[in-house]
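Worksheet: one structure, shown below.
Numbers restart at 1 for each chain; the letters A, B, ... are given by sequence-line order, proteins then strands.
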Amino acid sequence: NAGVTQTPKFRILKIGQSMTLQCTQDMNHNYMYWYRQDPGMGLKLIYYSVGAGITDKGEVPNGYNVSRSTTEDFPLRLELAAPSQTSVYFCASSYLTSRETQYFGPGTRLLVL
Amino acid sequence: GENVEQHPSTLSVQEGDSAVIKCTYSDSASNYFPWYKQELGKRPQLIIDIRSNVGEKKDQRIAVTLNKTAKHFSLHITETQPEDSAVYFCAASDYGKLTFGQGTILTVHP
């Protein structure tokens, strides 16, 4: 199993551009999450999903959108990128029966200039 | 919502010493408390966790204690080694949504 994979690893965006961060897991996990980690800080929850077709906001959802059409994929969409969205983005997933035990992807480093 | 405070922000110890990192949480409904280790440029890795019905848990050189009444939990690392150097995060969870502390940079000097 590859676990949780994320693409791209690194991206530079110009202010106002849009992009989609990809996240895929092959563990048949029901729960998936998106976090952002600003320099020197802990992770903050952006959005999460409890299953295909079901998503909900986390602590810092503004400026982002998500969708969950399959169990495996949970893309994060940035519309109109802003410098404040410069961060490292981590995707995570967990089982239905042990949802708190989250497995993290390698992260996507995003720089908005 | 939940708020997690973590102290200290930096901790420097000599190899072989013990290290203790403390966290407090605000939401009494939180029932799961994991600790993550993050090396530079890497993903967070779960190193130990504890549930609210347990007061202490050990795994070799690491242990976690939980005081539900006081709403605080701590990570204890004994016989520290240089490879323990990393950023450590505590978190609290209510039904799967993790709230993280700000992190502790642990440096173990040989």
Does the side chain of Y35(A) come within less than 4.5 Å of L98(B)'s, by heavy atoms?
-> yes
Spacing of CZ belonging to R43(B) relative to CG belonging to L43(A), to within rounding of 0.5 Å = 13.0 Å
Value rounded to 0.5 Å, distance of OG1 in T101(A) from OH in Y32(B) = 3.5 Å
Check each atom of F90(A) against the heavy atoms of chain B and say whether the ones under 4.5 Å are side chain, backbone, both or neither.
-> side chain
Among G103(B), P44(B), S9(B), who wins on heavy-atom pairs under 4.5 Å with chain A?
-> P44(B)
Should F89(B) and Q37(A) count as side-chain neighbours, where that means a heavy-atom distance under 4.5 Å?
-> yes
For residues Y36(B) and Q102(A), determine if any side-chain heavy atom of one lies less than 4.5 Å from a side-chain heavy atom of the other.
-> yes
Counting heavy-atom pairs under 4.5 Å to chain B, which of G40(A), G105(A), A92(A) comes out on top?
-> G105(A)
Proximity breakdown for V4(A) and chain B, heavy-atom pairs closer than 4.5 Å | backbone
From E59(A) CD over to K97(B) NZ, what is the distance, rounded to the nearest 0.5 angstrom?
-> 9.5 Å
One should read off an interatomic distance between Q38(B) CD and F104(A) CZ, to the nearest 0.5 angstrom, of 9.0 Å
Count the heavy atoms belonging to other residues, nucleotides or ligands that lie under 6.0 Å from CD of Q60(B), then report whether that count exceeds 12.
-> no
Crowding at CD, E79(B) (>12 non-hydrogen neighbours, <6.0 Å) | no
